[in-house]
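The block underneath contains the structure these notes are about, expressed in structure tokens.
Values reported hereafter were calculated over all heavy atoms of this structure, with side chains retained and with hydrogens, waters and symmetry mates removed. Model, not experiment: these values are computed from the prediction.
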Amino acid sequence: MTMAPMGIRLSPLGMAVFCLLGVGVIYHLYAGVFSNHLSYFRQRKKVDLRDLLAVSVEAAQLGGEEVKRVRKENTLNEKSKGETKEGAKELLTMGDLQSHRKMYNLIKNTFPEITVYSEESDSKPDSVSWSRNIPDGILKLEKGREVSADSITVWIDPLDATQEYTEKLVKYVTTMVCVALEGKPVIGVIHQPFTGFTAWAMVGQGTNMEHRSSYNLNSPKVIVSRSHSGEVKNFLHSAFGNSTTIIPAGGAGYKVLSLLKMHSGQTEPIDEADVYIHITVIKKWDICAGAALLNALGGHMTTLKGENIDFSGTPLNEGGLVASVEVDHKNILAKLPNWDLSKH
């Protein structure tokens, strides 16, 4: 007698249960691996601000070495990038480029996830790496203040006061790094290549700078840009009277330092001002580091209308600026005449 083959019929419910069990086994086997990878990814997206300050100082100093070397060798190879709204030439030199390559690449090589804006756009790579050295003053600051990398914007100026650099007026020259967190400046570094001095600050944590013991707003000394010192004269006399002393100077970094107490080792004494005012458009890489230094000391840098400057997004600050420390900033703003920046 021949028996017919018997078929095996699988229940859809049984198949579903079997698949779920399989998924469960795979999940438990690999959950640890996935978790470790995810944890590593998240860690790489966090940045320790103390480390970032140390890297910023090193970047400004490395850039400064290039600036000084090119000036000493007289290999500037200067050319014009265009003109400012005031009609002044915007110059580019090998000092700008070589400094940019060191500063930009050091920061990006160390923290590849963060956004870095530079005045220069040269894309030549450099394998420069952080020495892991943390200066003593910075070493005393709190470690472990980690922030999300995507909340950070870094602004670098590889050579502030290029015009003066070409004229050998090197006291105005600085290299600068600024770190903004959600648009607010929290780290500022201003380095003077030709004296070797570096000013630094982390807002709420510490700085190696101090404000001076006294300032005068009755007949203030106001520091302004050399490129439009004539235009600003009437503006300042209208605000503070004809007894106002106007100090034309190069470099936004230098102008902020003129508001502060400087070390005694300067080969050429730095100007001392009570207020820094700029009445036209200015780039954020020029002013962000100075804003952080002033904020760390309880000072202020605002637009001419008293608005806080957002140090994220577009590189242009179109509201002018007023910078001060240890004085009534609102009192300064109240004295300023109406000024239409769109016409200047």
Side-chain angles (χ1 to χ4, degrees), residues 43-72 92-139 141 143 145-162 165 173-181 185-202 205 208 253 283-286 288-290 292-293 311 315:
Q43 286 175 9
R44 281 184 56 80
K45 289 291 185 180
K46 293 286 187 179
V47 175
D48 185 292
L49 288 180
R50 192 184 74 169
D51 287 350
L52 185 49
L53 171 56
V55 171
S56 299
V57 167
E58 191 164 309
Q61 292 173 346
L62 282 177
E65 289 174 9
E66 295 300 309
V67 167
K68 190 174 180 180
R69 178 183 61 79
V70 170
R71 179 66 272 181
K72 184 178 180 180
L92 176 68
T93 70
M94 284 305 297
D96 297 87
L97 286 178
Q98 298 287 14
S99 176
H100 162 83
R101 289 166 185 165
K102 292 296 183 186
M103 294 176 67
Y104 180 87
N105 285 294
L106 176 61
I107 295 169
K108 287 296 285 184
N109 291 347
T110 311
F111 301 106
E113 301 91 354
I114 65 178
T115 300
V116 181
Y117 292 114
S118 172
E119 181 171 6
E120 311 309 335
S121 56
D122 178 81
S123 58
K124 185 175 179 179
D126 191 308
S127 60
V128 61
S129 61
W130 181 30
S131 68
R132 310 296 302 183
N133 176 56
I134 300 179
D136 289 341
I138 296 174
L139 200 57
L141 304 183
K143 182 171 174 58
R145 187 188 171 193
E146 293 187 334
V147 298
S148 174
D150 58 14
S151 67
I152 292 173
T153 306
V154 176
W155 300 92
I156 65 174
D157 192 339
L159 200 171
D160 190 34
T162 302
Y165 180 64
V173 174
T174 61
T175 58
M176 296 188 285
V177 181
C178 178
V179 176
L181 185 62
V186 295
I187 287 174
V189 178
I190 302 178
H191 174 65
Q192 295 179 298
F194 295 92
T195 68
F197 178 73
T198 306
W200 58 263
M202 184 190 297
Q205 291 288 314
N208 67 339
K283 304 289 180 60
K284 292 176 184 176
W285 45 65
D286 289 319
C288 185
L293 277 168
F311 287 98

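- A salt bridge links D126 with K102: the closest approach of a Lys/Arg side-chain nitrogen to an acidic carboxylate oxygen falls below 4.0 angstrom.
- The pair K68-E65 does not count as a salt bridge, with every side-chain nitrogen at least 4.0 angstrom from each carboxylate oxygen.
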Could you give the side-chain donor-acceptor pairs of residues 127-137 under 3.5 Å, partners two or more places apart or in another chain?
residue : atom : partner : partner atom : Å
S131    : OG   : E58     : OE1          : 2.6
S131    : OG   : E58     : OE2          : 3.4
S131    : OG   : N133    : N            : 3.1

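- At a threshold of 4.5 Å between non-hydrogen side-chain atoms, the residues W155 and P315 count as touching.
- One finds no salt bridge joining R145 and D48 here, because no Lys/Arg side-chain nitrogen approaches an Asp/Glu carboxylate oxygen to under 4.0 Å.
- Here the shortest heavy-atom pairing between P185 and F311 reads CD-CD1, 3.6 Å.
- Within the model, atoms CD1 of I156 and OG1 of T175 stand 9.5 Å from one another, a figure rounded to the nearest 0.5 Å.
- When atom types are taken as modelled, the side chain of R101 and the backbone of P125 share no donor-acceptor pair closer than 3.5 angstrom.
- Taking F197 as the reference, H263 meet the ring pair (Phe, Tyr, Trp, His ring centres under 6.0 Å) condition, with sequence neighbours excluded.
- Y104 meets the ring pair (Phe, Tyr, Trp, His ring centres under 6.0 Å) test with H100; sequence neighbours excluded.
- At distances below 3.5 Å, at least one donor-acceptor pair connects side-chain atoms of S151 with backbone N or O atoms of S148.
- Checking side-chain atoms of K108 against main-chain N and O of P112 turns up a donor-acceptor pair under 3.5 Å.
- Distance SG/C178 to CG/D286: 11.5 Å, rounded to 0.5 Å.
- Taken to the nearest 0.5 Å, the CD1 atom of I152 stands 10.0 Å off from the NZ atom of K46.
- Across all their heavy atoms, P193 and V67 have their closest contact at CG-CG1, 4.3 Å.
- Pairing each heavy atom of A201 with each of L293, the nearest pair is CB-CD2, 3.5 Å.
- Taking every heavy atom of both residues into account, M176 and G253 meet most closely at SD-CA, 3.6 Å.
- Salt bridge status for K143 with D51: present, with a side-chain N to carboxylate O gap under 4.0 Å.
- The minimum heavy-atom distance between V179 and S56, with the atom names listed, is CG2-OG, 4.1 Å.
- Rounded to the nearest 0.5 angstrom, Q98 CD and L62 CG are separated by 12.5 Å.
- The shortest heavy-atom contact between A149 and E113 is CB-CB, 3.8 Å.
- Proximity of a side-chain donor or acceptor of N208 to a complementary backbone N or O of W200 within less than 3.5 Å is detected.
- Contact annotation: the side chain of S118 never approaches that of M103 to less than 4.5 Å [non-hydrogen atoms, C-beta and beyond].
- Of the inter-residue distances, the one linking K45 atom NZ with F111 atom CZ reads 13.5 Å to the nearest 0.5 angstrom.
- Although no hydrogens or angles enter the test, the distance criterion places a donor-acceptor pair under 3.5 Å between the side chain of Y165 and the main chain of R71.
- Put simply, CG on L92 and OG1 on T162 are 7.5 Å apart, with the number rounded to the nearest 0.5 Å.
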Test side-chain hydrogen bond (donor to acceptor under 3.5 Å, both in side chains) on T198 and Q61 and set out the steps. CA-CA 8 Å; T198 306; Q61 292 173 346; 3.0 Å; yes
